[in-house]
Amino acid sequence: MTDALQKAYDQELSLTGKEIIQQLLKNADIARSEEVPMCQDTGFAVVFVELGQDVHIEGGALEDAINEGVRRGYTEGYLRKSIVGHPLERVNTGDNTPAVIHLKLVPGNKMKITVAPKGGGSENMSGIKMLKPAEGVEGVKKFVLDTVKAAGPNPCPPIIVGVGIGGTFEKCALLAKEALLRPVGTPSHRPEIARLERELLDEINSTGIGPQGLGGRFTALAVHIEIYPVHIASLPVAVNINCHASRHKEIVL
Amino acid sequence: MTMTKIKLTTPLTDDVVEKLRIGQRVLLNGVIYTGRDAAHKKLIELLDTGRELPINLRGQIIYYVGPSPAKPGNIIGSAGPTTSGRMDAYAPRLISLGLKGMVGKGKRSPEVVKAMRQHKAVYFAAVGGAAALISKCIKECEVVAYPELGPEAIHRLVVEDLPVIVVNDTLGGDLYEEGTKIYASK
């Protein structure tokens, strides 16, 4: 992430943009050396679990264990508690639980846990659309660009753009989120998708939105796309936006 | 690549506010108040029922922030700006009561921009995500209203050289629009 920001700093044309990226790099330094959050929004705890099918979990429910981890992590780590227990009544749960857990059963006897705290500001600017297959790649590009333009300064650019194409409505949204887990700037292993990622990044960075939306070349640091087979009648596309504070941690047990 | 920075100390007067222009770098000093959607909603409810506000807004600045908890020995946790648009429904009313400045990130509604022109107020952007850096500029912090809201409570902060950029001025200028136009290609 720091490498991507450094590169953006070197290449940004806008003076204001350069100044902002410099502040972000300095901020990351302070956060690292003083062990404080780089952003006060320490997010919704989104947890991806790849559970080996030969693993047997004893002594309680996995979901409870994950929530207990979130509770302790957010309390002992002085992280902000940003979750309300009811979307309409809106009373804070006080310990940032519950987590959003995505569980996948895989072969083997290991368990991989990826924690990806997600801030509200960038999540709010995400979107999904069920396109007609006839709209094709141009329709996909237009939706991604429209979503990024509508987001403007709100998701704290420079952003990482996660895109899901295909699957069903909910699968597509999950693909977009999974795309954000890829290390920043790692291209898709599919050449045609990697090309689309490059084209979209160029187009997004031609909008002029720039760092913090105050004008400049670096609106996005990367576009990551994940795809999935799709129904003959459908072409869903989802865009999940991540701010420059792309915080992910992975552990294998 | 340093630009001239203007030092401002609260409370702000109309004279000072009127001279500010979009794109100017400002260093804020003095007392500022924090507030997010939940606190704004409560302030407006007080006004609707004819009661007095817990803080005097005249000449003041509200910083849209919900800080993370302070580590032992620190004054405040990380404290970067939140998205200002969520306060748009409430801001014009507070501006009409003498609020002179708002600090946040992201675009304001036409209603807020109009209220800023009419009543002489400005909107500043702080750098979203530069929360650890910004917390260094905060020298005092105390909760002055709604402690039950946790990070969303109204805090009274004393700041020293908090770096912000003027995004909307009293002439109706908008740096988000102007800046994007300059760097858009094609």
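Only this structure's heavy atoms are used, side chains among them; waters, hydrogens and symmetry mates stay out. A quick note: this is a predicted structure, and the numbers were derived from the prediction, not measured. So that the names make sense, note that chain A is the first sequence line, chain B the second, and so on, each numbered from 1.
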Before giving the answer on side-chain contact (heavy atoms from CB on, under 4.5 Å), spell out for B:Ser185 and A:Arg217 the whole-Å C-alpha distance, their side-chain angles and the decisive distance to 0.1 Å.
-> CA-CA 9 Å; B:Ser185 53; A:Arg217 300 300 293 176; 3.4 Å; yes

Counting heavy-atom pairs under 4.5 Å to chain A, which of B:Pro163, B:Ser135, B:Gly129 comes out on top?
->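 Greatest number of close heavy-atom pairs with chain A: B:Gly129.
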
What residue, out of B:Ala125, B:Ser68, B:Gly23, B:Gly77, has the most heavy-atom pairs lying under 4.5 Å from chain A?
->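 Ranked by contacts with chain A, first place is B:Ser68.
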
Please check if the side chain of [X] supplies one atom and the backbone of [Y] the other of a donor-acceptor pair under 3.5 Å.
X	Y	answer
B:Lys105	A:Asn154	yes
A:Asp41	B:Thr82	no
A:Arg80	B:Pro151	no
A:Gln212	B:Gly128	yes
B:Lys71	A:Glu34	yes
A:Gln40	B:Gly66	no
B:Ser78	A:Cys39	no
A:Asn92	B:Gly150	no

Side-chain heavy-atom pair A:Val36, B:Asn74 within 4.5 angstrom cut-off |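 When only atoms from C-beta onward are counted, B:Asn74 and A:Val36 do touch, with a gap below 4.5 Å.
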
Any side-chain heavy-atom pair from A:Ser206 and B:Tyr183 closer than 4.5 angstrom?
->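 Of all side-chain heavy-atom pairs linking B:Tyr183 with A:Ser206, none is under 4.5 Å.
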
Engaged part of [X] at the chain A interface, taking heavy atoms whose separation is under 4.5 Å:
X	value
B:Pro67	backbone
B:Ala130	both
B:Ala38	neither
B:Lys136	side chain
B:Ile165	side chain

Counting only heavy atoms not in [X], do more than 12 sit closer than 6.0 Å to its [atom1] atom?
X	atom1	value
B:Arg21	CZ	yes
A:Glu63	CD	no
A:Lys7	NZ	no
B:Glu52	CD	no
A:Lys141	NZ	yes
A:Glu68	CD	yes

Interface residue of largest heavy-atom contact number with chain B, from [options], under 4.5 Å:
options	result
A:Glu35, A:Lys81, A:Arg90	A:Glu35
A:Gly121, A:Pro37, A:Cys156	A:Pro37
A:Thr16, A:Ile20, A:Thr42	A:Thr16

Should the pair A:Glu19-B:Arg25 be classified as a salt bridge under the 4.0 Å nitrogen-to-oxygen rule?
-> yes

How far apart are the C-alpha atoms of A:Leu214 and B:Val167, what are their side-chain angles, what is the distance that settles it, and do they pass the side-chain contact (heavy atoms from CB on, under 4.5 Å) test?
-> CA-CA 8 Å; A:Leu214 295 169; B:Val167 168; 3.9 Å; yes

Begin from the C-alpha positions of A:Leu24 and B:Val127 and carry the test side-chain contact (heavy atoms from CB on, under 4.5 Å) through to its verdict.
-> CA-CA 8 Å; A:Leu24 295 178; B:Val127 174; 3.6 Å; yes

How far apart are the C-alpha atoms of A:Thr207 and B:Thr180, what are their side-chain angles, what is the distance that settles it, and do they pass the side-chain contact (heavy atoms from CB on, under 4.5 Å) test?
-> CA-CA 7 Å; A:Thr207 57; B:Thr180 299; 5.5 Å; no

